[in-house]
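Structure record follows, encoded as C-alpha cells.
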2 protein chains.
Amino acid sequence: MDPSLDIVFAALADPTRRRILSMLLEDDMAVTDVAEPFEMSLAAISKHLAILAGAGLISQEKRGRVKWCALEPDALREASIWMQGFGQFEPVNLDAFERFLRNEGLTPEEG
Amino acid sequence: MDPSLDIVFAALADPTRRRILSMLLEDDMAVTDVAEPFEMSLAAISKHLAILAGAGLISQEKRGRVKWCALEPDALREASIWMQGFGQFEPVNLDAFERFLRNEGLTPEEG
DNA sequence: CGCATATTCAACTATCAGGTTGAACATGCC
DNA sequence: GGCATGTTCAACCTGATAGTTGAATATGCG
C-alpha cells in the first residue's frame, strides 16, 4: 500500500485540519491568522499546519516574520484517484453543486 | 448511516484497511478469509473490519457461523466528493459544502 | 539597541490506535 | 452430547496523536 495515502488520509481525518483547509480554500493565510478562530494554542495550530504540509496538502512560505500557508489541492489527487478506483459511484453532481454555490453566494468569481 | 468524515478518513488512513477494501471490491468475504493473507491475528482483522463497518464502508451480515463482509461504496462516495471540491473549484466555504454533501448524499438520485 | 510580533521548540500529559494472547461465545456436524 | 469452526471479548502492551505551557528563535521597527 502506498504510504503517502496513509499520511494524506490521516491528515484529513482531523476536523481541525479539514477546517483549516476550508479556510485556506478561500485565501492564503499567515499561521497566526489561521489560529485566530480556534480555541486552542498557536503551537497546536502550528503542529496541525506541519502535518498538513507533511501530507502535501498545503505549502508554507516564509516572507519576513510571517509564514504564509497556501492550499495545495493536487495532493488530494492521488487519494481521490484511489477512491475512484472503487468506481461504483457516480462523479459529483455538478448541477447540484453549482446550485449550491449560488445559494451560498460563493461563486468562484467572488473570491 | 451518516458517519462523519472524521471516521471515514480515519478508517481509510490504515493500509491494512485499504487493502481489505480492495479485496472486498472483488467479492464478499467471510472474516476468516479476509484475514488469511495478512500476517496478523484474526482478532486484529476483526477489529479492522469493525472500524470499516463503523465508518459505513462495509456491511457485515451473519449467516450461520459465518459473518460475511461486503463493500458499501456510498460512504466512499461522500468522501470522494468532498475531496473533489478542492481540486475543481476555486473558493468554497467547506462548512457549507459539507452541509451540501450531507443533503446530496441522502438524495443521490435527485437532479 | 531594545522591544514587539510571528513562529517553533522542548518537555510533559492524557488519550487513542493497533497489535498480542487466551478465553469465551455461537453455530454446525457426527 | 461432544467437538470443530468462526468470531469476538477482555486484558494488556506499545507507540503515536493532540493538546498544554514556557522558553527560544527570527524578524521588523522606532
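Labels below follow one simple rule: chain letters A, B, ... track the order of the sequence lines, proteins then strands, and each chain is numbered from 1.
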Within the sub-3.5 Å range, which N or O atoms of nucleotides 26-28 of chain C have a protein N or O partner, and how far apart are they?
{"residue": "C/dT27", "atom": "O3'", "partner": "B/Arg65", "partner atom": "N", "Å": "3.4"}
{"residue": "C/dG28", "atom": "O4'", "partner": "B/Arg65", "partner atom": "NE", "Å": "3.4"}

- Item | d(CG, A/Asp14; C1', C/dT15) in whole Å | 14 Å

- So which heavy atom on A/Ala79 is nearest to which on A/Leu5, and how close? CA-CD2, 3.5 Å

- For DNA chain D, determine which residues of residues 38-45 of chain A have any heavy atom closer than 4.0 angstrom to one of its atoms, and list them numerically. A/Met40, A/Ser41, A/Ala43, A/Ala44

- Query: OG/A/Ser80 to CG/A/Asp74 distance, rounded to the nearest 0.5 angstrom?
  - Reply: 11.5 Å

- Query: How close do B/Leu42 and B/Ala35 get, heavy atom to heavy atom, and via which atoms?
  - Reply: CD1-CB, 3.4 Å

- Query: Just checking A/Ala10: base, sugar-phosphate only, or nothing, at a heavy-atom cut-off of under 4.0 Å?
  - Reply: nothing

- On DNA chain D, reading 5' to 3', which nucleotide is the first and which the last to sit with an atom under 4.0 Å from a heavy atom of chain B, could you check? D/dA4 to D/dA11

- Query: Which part of the nucleic acid, if any, lies within reach of B/Ala50 when heavy atoms closer than 4.0 Å are counted: base, sugar-phosphate only, or nothing?
  - Reply: nothing

- Note on the structure: Comparing nearest nucleotides in DNA chain D, the 5'-proximal residue of the pair B/Val31, A/Thr16 is B/Val31

- Item | A/Ala11 backbone acceptor or donor facing A/Arg17 side chain under 3.5 Å | yes

- Query: Given the rule in the salt bridge (charged side-chain N to carboxylate O under 4.0 Å, His left out) test, do B/Asp6 and A/Arg18 qualify, once you have shown the distances and angles that lead to the verdict?
  - Reply: CA-CA 9 Å; B/Asp6 292 33; A/Arg18 286 204 311 283; 2.6 Å; yes

- With sequence neighbours left out, write down each residue that passes salt bridge (charged side-chain N to carboxylate O under 4.0 Å, His left out) with B/Asp28, or none if nothing qualifies. none

- Message: For A/Ala44, give me all partners under side-chain contact (heavy atoms from CB on, under 4.5 Å), at least two apart in sequence or on another chain.
- Response: A/Met40, A/Ser41

- Minimum heavy-atom distance between B/Val31 and B/Ile45, given as atom pair plus value: O-CG2, 4.5 Å

- Message: Rounded to whole Å, please give me the gap between CG in B/Asp6 and C1' in C/dA17.
- Response: 15 Å

- side-chain hydrogen bond (donor to acceptor under 3.5 Å, both in side chains) contacts in which one or both residues fall within residues 59-71 of chain A, not counting sequence neighbours: A/Ser59-A/Glu72, A/Glu61-A/Arg63

- Message: To check you understand the geometry: which heavy-atom pair defines the closest contact between B/Ala75 and B/Val8, and what is its length?
- Response: O-CG1, 4.2 Å

- Message: Tell me the closest heavy-atom pair linking B/Arg19 and B/Pro37, and the distance in Å.
- Response: NH2-O, 3.5 Å

